[in-house]
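Have a look at the structure below, then the notes.
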Amino acid sequence: MFRGQFTYSIDSKGRIAIPAKLRKHVAAEANDTFVMTRGLSNCIDLYPLNEWQLLEEKLLQLNSFQPDDARFIRMFVQFASEDVMDGQSRILIPSALINYAKIEKEVLILGALKKIEVWNPKVYDDYLGQSAQTYEEIAAKVMASK
């Protein structure tokens, strides 16, 4: 499981390094390969290949003739891109995803259990500030039913 936060730079070619503390949780089945796509909150979601394959299995269960299912599949998969970590543990982020996440020079890399999220640090701060509820209120609501 991925956890923690790390602040890194993105290079001029659009590559980011995957932090060692996150790399150690990438399963051997992923073959150092990540699939990345648009996150739901102006971030980039990175899935190790084995986790992406499990997600694709769920997507295949959706009804592609049902308009909401078809629309979600299109919107989620259209920006999906695969890359293998290079010798310096970097992956190349496509420019469309960099633009979507408003990434400039610095990136905030968050472990998010089965995936890794990549954020513009300012966008993430704004996202946190948009909630009308406190962390404690959200925790009580979300965890109470689990």
Side-chain angles (χ1 to χ4, degrees), residues 1-135 137-139 141-142:
M1 294 290 174
F2 300 113
R3 52 182 127 8
Q5 70 174 21
F6 311 86
T7 303
Y8 278 52
S9 296
I10 188 166
D11 72 14
S12 61
K13 294 180 181 177
R15 296 175 298 195
I16 62 165
I18 304 298
K21 288 186 177 183
L22 298 180
R23 281 196 317 268
K24 72 180 183 180
H25 297 290
V26 176
E29 301 85 29
N31 295 319
D32 290 337
T33 302
F34 285 88
V35 178
M36 59 206 91
T37 193
R38 287 172 38 164
L40 298 177
S41 302
N42 282 19
C43 66
I44 300 166
D45 287 347
L46 304 178
Y47 294 89
L49 182 59
N50 60 309
E51 291 294 338
W52 177 261
Q53 290 167 336
L54 294 173
L55 186 55
E56 280 185 337
E57 290 298 321
K58 290 181 182 179
L59 293 174
L60 287 169
Q61 301 304 311
L62 297 176
N63 180 352
S64 63
F65 292 99
Q66 200 286 332
D68 286 343
D69 289 5
R71 184 181 200 88
F72 174 71
I73 292 167
R74 284 185 198 108
M75 294 176 75
F76 188 68
V77 177
Q78 77 178 1
F79 290 102
S81 178
E82 185 176 306
D83 197 36
V84 179
M85 281 191 290
D86 66 13
Q88 295 177 332
S89 302
R90 298 175 302 189
I91 58 169
L92 178 65
I93 308 288
S95 60
L97 289 175
I98 291 171
N99 293 337
Y100 167 75
K102 300 179 176 121
I103 290 174
E104 295 165 1
K105 294 179 182 181
E106 209 174 50
V107 293
L108 180 64
I109 300 172
L110 298 177
L113 302 179
K114 293 184 178 187
K115 66 180 179 179
I116 297 169
E117 296 179 347
V118 180
W119 291 80
N120 171 323
K122 170 83 170 91
V123 171
Y124 186 68
D125 285 343
D126 291 346
Y127 166 79
L128 291 177
Q130 290 173 358
S131 178
Q133 295 177 306
T134 66
Y135 172 70
E137 291 168 335
I138 293 169
K141 183 170 82 175
V142 170

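Keep in mind the model is a prediction, meaning the values are calculated, not measured. Only this structure's heavy atoms are used, side chains among them; waters, hydrogens and symmetry mates stay out.
In this structure, Lys21 and Arg3 have side chains that are not in contact, with every pair of non-hydrogen atoms separated by 4.5 Å or more. In this structure, the side chains of Phe34 and Pro48 come closer than 4.5 Å at one or more pairs of heavy atoms. Put simply, the side chain of Ile98 reaches to within 4.5 Å of the side chain of Ile10, judged on heavy atoms. In this structure, the side chains of Thr37 and Ser81 stay at 4.5 Å or more apart for every pair of heavy atoms. Within the 4.5 Å cutoff, the side chain of Ile109 has heavy atoms near those of the Pro19 side chain. Using a 4.5 Å cut-off on side-chain heavy atoms (C-beta onward), Val107 and Thr7 make no contact. At least one side-chain heavy atom of Ile93 sits under 4.5 Å from a side-chain heavy atom of Met36. Residues Phe2 and Leu110 form no side-chain contact, since every pair of their non-hydrogen atoms from C-beta on lies 4.5 Å or further apart.
With salt bridges taken as basic N to acidic carboxylate O contacts below 4.0 Å, one links Glu117 and Lys115.
Aromatic ring pairs are classed by plane angle as parallel below 30°, tilted from 30° to 60° and perpendicular above 60°; the pair Phe6 and Tyr8 is perpendicular.
Atom CH2 of residue Trp52 and atom CG of residue Asp45 lie 9.0 Å apart, to the nearest 0.5 angstrom. Here Gln53 contributes atom CD and Leu55 contributes atom CG; the two are 11.0 Å apart, rounded to the nearest 0.5 Å. Of the inter-residue distances, the one linking Ser95 atom OG with Ile103 atom CD1 reads 12.0 Å to the nearest 0.5 angstrom. Expressed to the nearest 0.5 Å, how far CG of Leu62 lies from CG of Asp69 amounts to 4.5 Å. Rounded to the nearest 0.5 angstrom, Glu56 CD and Leu49 CG are separated by 8.0 Å.
In Gln5, the CD atom is not crowded: 12 or fewer heavy atoms of neighbouring residues, nucleotides or ligands sit closer than 6.0 Å. Residue Leu40 places its CG atom among 12 or fewer non-hydrogen atoms of other residues, nucleotides or ligands, all under 6.0 Å distant.
The main-chain N or O of Asp68 is found under 3.5 Å from a side-chain atom of Gln66 such that the two form a donor-acceptor pair. Judged by distance alone, with hydrogens and angles left aside, the side-chain atoms of Asn120 form a donor-acceptor pair with the main-chain N or O of Lys102 at under 3.5 Å. Remark: the backbone N or O of Thr33 is not paired with any side-chain donor or acceptor of Asn31 at under 3.5 angstrom.
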Discussion item. Test side chain to side chain contact (heavy atoms under 4.5 Å, CB included) on Arg15 and Gln88; report intermediate values, then the result.
Written reply: CA-CA 10 Å; Arg15 296 175 298 195; Gln88 295 177 332; 5.9 Å; no
**Request:** Please test Arg90 against Asp11 for side chain to side chain contact (heavy atoms under 4.5 Å, CB included), starting from the C-alpha separation and ending with a verdict.
**Result:** CA-CA 10 Å; Arg90 298 175 302 189; Asp11 72 14; 3.9 Å; yes
Exercise for the section: Dump the intermediate steps for side chain to side chain contact (heavy atoms under 4.5 Å, CB included) on Val118 and Leu108, then the final yes or no. Expected result: CA-CA 6 Å; Val118 180; Leu108 180 64; over 6 Å; no
Does Ser89 form a side chain to side chain contact (heavy atoms under 4.5 Å, CB included) with Arg23? I'd like the steps, not just the answer. CA-CA 8 Å; Ser89 302; Arg23 281 196 317 268; 3.2 Å; yes
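Considering every non-hydrogen atom in both Phe79 and Arg38, the closest pair reads CD1-CD, 3.0 Å. The two residues Ala132 and Glu137 have their closest heavy-atom pair at O-OE1, 4.4 Å. What you find for Ile44 and Ala101 is that their closest heavy atoms are CG1-CB, 3.8 Å. The two residues Gly111 and Leu22 have their closest heavy-atom pair at CA-CD2, 4.3 Å.
In this structure, the ring of Tyr100 has its center no less than 6.0 angstrom from the ring center of Trp119.
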